[in-house]
Amino acid sequence: MHFAELARAYERLEATTKRLEMRTILADLVRPIRPPDLARVLYLSQGLLRPEYEGVELGVADSLARRAVALATGAEEPDVARRAKESGDLGSTTAELLGKGRRLDANEPLSVAGVYADLSRIAAAKGPGSQEEKVAILAQLLGRATPVEGKFVVRFVLGTLRVGVREMTILDALAEAFGDGAKATRARIESAFNLTSDLGLVAGVLVDRGVDGLEKVGVEVGRPIRPMLAEREPDLASVLERMGGRAALEYKYDGLRVQAHVPARGPVRLFSRRLEEISAQFPELVEELRTAVGSPPAILEGECVPIDLDTDEIQPFQEVSRRRGRKHDLARVQEEVPVCLFVFDVLYAGSEPVYLKDFAERRALLESILRPTDRVRLAVQEVVADVASATRFFEQAIAAGGEGVMAKSLKDGSAYRAGARGYWWIKYKREYTAGLSDSIDGVVVGAFLGRGRRAGRYGAFLLAVYDPEHDRFESFCKVGTGFDDARLEEMPKRLRPFEADAAPAGIETGLVPDRWMRPGVVLEVRGAELTLSPIHRAARGEVRPEAGLALRFPRFTGRFRDDKGPTEATTSGELLSMYRSQVRQAAPSSGSEGAPG
Ligand code: AMP
């Protein structure tokens, strides 16, 4: 196929903004094309050389492209730069310069295969001297191009191809060109794409084996699957109703979705929700997935969240973003911001795809193949059949640092639906409040032994507020964040006089610390917000029966309140009014008490 044909189609595509017209132009373009040109044309039209997940980049900056244009056209580089600045598009400038008194008929016409091969060589050039190599290949290619071809080559190289062809339009066009154009056909093509994330591959199968052939296109380890997405409901009663009265609820972790491909041999690869490869960002997950997955190959899905490995507390998501894009110094960042992958699905296991199995079966399979490690764990799950249990689980999720719950249908047909949003998964989130501005003075009533870097010392502390009415201490959080080394050293010394062998009288909590403490030491903490909790006992029953108040994302401010005795700490009543004023500030969508039921 001549590249000129493709360039002509691009000109027509550029001239329209109507999706229907685009579809016809594209369908007409691809209809006569056969593999392997077909895949090339599809990738090129999206501004790609390979399916997006492979992350192939040309690595050509504006300045390199200008040099190539200058070489190819004989213009001076400053002149090229000036013209491009004026036109705002180096592509048009290239066309203009190429059109100046050149005899093109002396050249062999460019083929799609040839252009594609040159562009691939440009992408492949890496390391010392590669810039020169890229310029040389591009200049040579442009030297053989017509003005229109040159325009599109340059735009492609710079990532400014403005033909606006998106995946969905291409799928439409494929259905029209190679199928009967019917909705059902389009759906089958799309589902093959959702499983493979590769339009070139899908189009090839379609042409060679027809629509029925697409049924054989499956999931492969190493090739990301487009993620299944969730619908939402305003409350837990509606969630349960949608799911037929019974559902598996999971913590909804607030982090990055990760699809982990663990091959039998070769490197583990991680893909983001947008199917970008992110393996290099999380080397520790790559490593632990090898240990956690006993019998590869497997494809797992989970949410990656920052975690304090010493206390097991989930940290706010912003912590992870500190790692994004950090290529250097990864070892230090890994230590500063450890992450944990909470695995919630399995799509491939035991040498076969399992995404078509019902969810309960997939979860059972997941539990059987995963050997949890520090950084790779199972998503916390509970099967519920009534609103009260669902509410309790939701509160537990919030208290543990989750942003809500994800309900998963247990009905027949609850297969993993790649790339689709539907009511098989329903999210129910807690809307965030403006945040808690006040600090809280909490009494230490227990301590937990540390792990990791904090092994052999206390890693976290159980804090309580004082209830003067009943003269007791009611827990509201477990805090391990905010302690520097010096303060951590200091804690055992400060606490020693208060250590107790059993739970002292007058302490109300649903947690059992490694070491109980008689109330004595007061710490100042801050947190994101107060939430209802089945575990903590502050102001229990005041907002709702069986629920206490808990501080989400607690953090020690570094300040010991030596000026305060335990009964001078924050009281349950104060905590309750903080909770109430926070609910009043919250957006109406967060519900009157910040929780359903
Ligand atoms: P949202 O981004 O608000 O539409 O919520 C969907 C996202 O929640 C998914 O794409 C996952 O990244 C994330 N998520 C967190 N926990 C879970 C879970 N247990 N199951 C499924 N998705 C989860």
Side-chain angles (χ1 to χ4, degrees), residues 53 194 197 224-236 239 242-243 247-261 270-276 278 281-282 285 299-307 314-321 323-324 339-347 354-355 357-367 370 372 375-384 390 393-410 414-432 552 587 589-590:
Y53 70 85
N194 285 335
S197 313
I225 299 158
R226 289 160 54 85
M228 177 165 177
L229 302 168
E231 279 290 353
R232 66 176 79 220
E233 280 290 354
D235 52 61
L236 287 168
V239 170
R242 279 270 185 199
M243 304 230 144
L249 292 193
E250 293 175 359
Y251 286 6
K252 185 175 191 304
Y253 302 93
D254 184 13
L256 292 177
R257 185 166 185 162
V258 171
Q259 198 175 87
H261 289 243
L270 310 178
F271 296 98
S272 73
R273 177 185 179 135
R274 298 185 45 215
L275 312 186
E276 290 162 329
I278 48 171
Q281 250 178 69
F282 300 105
L285 291 186
I299 302 176
L300 307 178
E301 236 181 17
E303 190 85 354
C304 164
V305 292
I307 195 164
I314 293 173
Q315 304 293 305
F317 170 65
Q318 300 84 278
E319 296 288 319
V320 177
S321 52
R323 286 176 68 137
R324 303 210 85 180
V339 293
C340 177
L341 183 67
F342 286 95
V343 182
F344 55 72
D345 218 323
V346 55
L347 311 180
V354 295
Y355 64 95
K357 293 185 190 295
D358 280 351
F359 179 66
E361 228 179 304
R362 299 206 305 280
R363 173 75 188 199
L365 191 60
L366 183 57
E367 288 173 14
L370 200 74
R375 293 162 191 265
V376 179
R377 309 182 196 186
L378 274 169
V380 177
Q381 188 196 82
E382 189 178 311
V383 174
V384 300
F393 186 80
F394 170 82
E395 283 162 4
Q396 188 185 317
I398 296 290
E403 59 169 350
V405 289
M406 196 61 125
K408 309 223 166 144
S409 171
L410 295 170
S414 54
Y416 186 92
R417 288 175 164 70
R421 191 181 290 285
Y423 283 98
W424 299 93
W425 285 11
I426 305 176
K427 57 187 170 190
Y428 176 67
K429 280 202 266 191
R430 169 93 162 83
E431 298 299 337
Y432 285 77
R552 197 159 179 266
S589 64
S590 69

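In listed order, ligands and their atoms are each counted from 1.
Taking the salt bridge (charged side-chain N to carboxylate O under 4.0 Å, His left out) definition, one finds that Arg273 meets it with nothing, sequence neighbours left out. Among residues two or more places apart in sequence or in another chain, the salt bridge (charged side-chain N to carboxylate O under 4.0 Å, His left out) test is passed with Arg417 by none. Residues satisfying the ring-ring contact (aromatic ring centres under 6.0 Å, His included) test with Phe271, not counting sequence neighbours, are His261.
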- Starting from the C-alpha separation in whole Å, work towards a yes-or-no answer on side chain to side chain contact (heavy atoms under 4.5 Å, CB included) for Leu300 and Leu347. CA-CA 6 Å; Leu300 307 178; Leu347 311 180; over 6 Å; no
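Relative ring orientation between Tyr416 and Trp425 is described as perpendicular, the plane-to-plane angle rising above 60° on a 0-90° scale split at 30° and 60°.
Results of the salt bridge (charged side-chain N to carboxylate O under 4.0 Å, His left out) test with Glu233 over Lys427, Lys429, Arg242 single out Arg242 as the only residue that passes.
For ligand 1, the protein residues placed under 4.0 Å by at least one non-hydrogen atom are Glu250, Tyr251, Lys252, Tyr253, Arg257, Arg273, Glu303, Phe344, Met406, Lys408, Trp425, Lys427, Lys429.
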